[in-house]
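Counting convention: from 1, in listed order, for ligands and their atoms alike.
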Amino acid sequence: MNKEKSPPRKRSVARARLERLLDPGTFEEIGSQVLHRSTDFGLEKKRLPGDGVITGMGQIEGRPVFVFAQDRTVLGGSLGQAHAAKITKIYDLALDSRVPVIGINDSGGARIQEGVDSLGGYGELFRRNVAASGVIPQISLIFGPCAGGAVYSPALTDFVGMVADQSFMFLTGPRVVKTVTFEEITTEDLGGANVHANTSGVAHLLFQNETEALEQTRRLLSYLPSHCDEAPPYQPPTDPMDRLPQELETMVPENPKESYDIRNIIQTVMDQGSFFETHAMWAPNVVVGLARLGGHPVGVVANQPLSMAGVLDSNASRKAARLIRTCNAFRIPIVSFVDVPGFLPGSDQEYNGVINHGAKLLYAYCEATVPKLSVILRKAYGGAYLVMSSKHIGGDINLAWPAAEIAVMGAKGAVEILYARELRGHDDPQARRAELEDEYKQEFLSPARAAQRGYIDEVIAPCETRRKLFRYLEAIRTKQTNPIPRHNGNIPL
Ligand code: HXC
């Protein structure tokens, strides 16, 4: 039989990216022969290899994953009907098999020549993204353009990673922006990786180059189970669990106004080198991420005194709530480190809907059924005390360091409100104020009262934090609750 020889295939950047992401030699391509059937705008004359996307499966650290990578060398990586069908096919396989999906986005968006077919293709993909949400991990890497409604697919996934000076995401590009609003702005300033990592929060992870992005994506997956009914992956720890880090005794300054970097505490308590921070630059007043404690993955939520004194605001609430919901979906216990002066007051916050965003964080903690542990390090005031995994909203284990202050507000503010009249009429208001502040401190500014009432389970020495958290977590790792069945809760706006 005279078989026609196919031309040698150019090595595709998209395939090379997938091969670098996966364990060597494990990539199996699915649908490499797929061709589009479009006959408009001369497309019938164009043979598009893979229709602009490479799809398939492979392994990461021996665990199966489904993957796709858009190929910008083929009609701009634009998404037409066949392109979309290739991606949704691997999504269906992944969802039925309970295997994670990692997508590399590098595309000019909906293929203009295919009109409604390409729009429909996005719709099919969005539907899979949502069906898979909370069932299997979905990770999106943006390695080039991701424009128009196309941005919604990554936004529907669990983690979005972008590469500095290389990737961008926006609903409408600079040219359309200029036409509609007369604003002149560059691609980078409108939707570059730095914008989404610092300002919008769309990017959970910012990488300096593709190699780092691919390596860190492999690492990220090491904290996540393959699906929501699997235990998060355990790695035998090399860091001893009975370690009593003495440095914790002095890491938090006594003066409540003095700042410190909460990341040092997290890194000291968790298994050495295990903290994987997400959203590192956006809303820096709260620090979130994944880590390991005794080899088991945990989610970390921590107020960051180094930024705005660790106050909670709209974006910090959204950031923490998102991490909590991701962890809860994948059965990852949550450890909260609390040192919070309250919610940020002011018209800016109110106009930005801090009521709803704060409620969103409250909702996430209340809704989470995974083990929830917290440690109050220095202060927990007002609504922020309640919100940060307190016993009252379902915290399972609540610990406090001996110097922790738990109150409706700090001494200064409280005395100002409670004794305004007395102070106004006093001969020496300054001395009296100091006296009253001291009294208030004696009464409230220790964890004793909260511990007496059972709101704090144990007051522990800072150096014991690692060991205690581990022991408690071991005991409640198997926690099960049965929330009342419902169609869905109604997350605040
Ligand atoms: C068809 C496209 C395309 C598209 C690019 N190409 N985008 N073809 N549909 N959406 C083609 C170009 O015609 C060109 O073909 C080749 O891909 C490379 O494109 P260039 O523009 O030369 O590349 P570059 O300079 O690198 O610019 C990349 C780009 C730009 C920034 C992505 O192409 C661009 O702005 N494209 C349009 C982006 C966009 O607005 N998309 C629609 C979004 S709306 P030739 O044959 O010349 O090589 C959307 C709706 C989704 O996606 C709705 C879901 C709800």
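- Geometrically, ligand 1 and Gly76 share a nitrogen or oxygen pair separated by less than 3.5 Å.
- Aromatic ring orientation, Phe126 versus Tyr152: perpendicular (interplanar angle above 60°, classes split at 30° and 60°).
- Looking at Thr187 against ligand 1, nothing comes within 4.0 Å, counting heavy atoms.
- In this structure, Phe41 places its CZ atom where only 12 or fewer heavy-atom neighbours from other residues, nucleotides or ligands lie under 6.0 Å away.
- Here's the thing with Phe168: none of its N/O atoms is less than 3.5 angstrom from an N/O atom of ligand 1.
- Under the 4.0 angstrom criterion for non-hydrogen atoms, Ala147 is in contact with ligand 1.
- Looking only at distances, a side-chain donor or acceptor of Ser118 sits under 3.5 Å from a matching main-chain atom of Gly115.
- Scanning the protein for heavy atoms near atom 52 (O) of ligand 1, the closest one is Ala110 N, 2.8 Å.
- For atom 3 (C) of ligand 1, the nearest protein heavy atom (residue, atom name, distance) is Ser78 CB, 3.9 Å.
- Using the six-membered ring where Trp is involved, Tyr223 and Phe276 have ring planes that are tilted, between 30° and 60° apart.
- Protein heavy atom nearest atom 2 (C) of ligand 1, with residue, atom name and distance: Leu75 O, 3.8 Å.
- Looking at Pro145 next to ligand 1, no N or O pair under 3.5 Å apart turns up.
- Considering backbone and side-chain atoms together, Gly148 places no N or O closer than 3.5 Å to any N or O of ligand 1.
- Of all the heavy atoms of Tyr152, none lies under 4.0 Å from any atom of ligand 1, so neither backbone nor side chain is involved.
- Scanning the protein heavy atoms around atom 39 (C) of ligand 1, the nearest turns out to be Gly108 O, 3.4 Å.
- Remark: side-chain polar atoms of Lys86 are paired, donor with acceptor, to backbone N or O of Gly31 under 3.5 angstrom.
- Ligand 1 is approached by Arg72 to a heavy-atom distance shorter than 4.0 Å.
- For the pair Thr26 (side chain) and Gln59 (backbone), a donor-acceptor distance under 3.5 Å is present.
- Atom 55 (C) of ligand 1 has its closest protein heavy atom at Phe126 CE1, 3.6 Å.
- Among all non-hydrogen protein atoms, the one lying nearest atom 35 (O) of ligand 1 is Arg175 NH2, 4.6 Å.
- To the nearest 0.5 Å, the span separating CD on Glu184 from CZ on Arg175 amounts to 13.0 Å.
- When only non-hydrogen protein atoms are considered, atom 46 (O) of ligand 1 lies nearest to Lys46 NZ, 4.0 Å.
- Using a 4.0 Å cut-off between charged side-chain N and carboxylate O, Lys479 and Asp396 make a salt bridge.
- The aromatic rings of Tyr385 and His392 sit perpendicular, their planes meeting at an angle over 60°, well past the 30° parallel limit.
- Atom numbering of ligand 1 starts at 1 in the shown order; those under 4.0 Å from a heavy atom of Leu119 are 53 (C).
- Between Ile102 and the options Leu214, Ile60, Leu220, a side chain to side chain contact (heavy atoms under 4.5 Å, CB included) holds for only Ile60.
- Ligand 1 places these atoms under 4.0 Å from at least one heavy atom of Tyr122: 51 (C), 54 (C).
- Looking only at heavy atoms of the protein, atom 9 (N) of ligand 1 is closest to Ile112 N, 3.1 Å.
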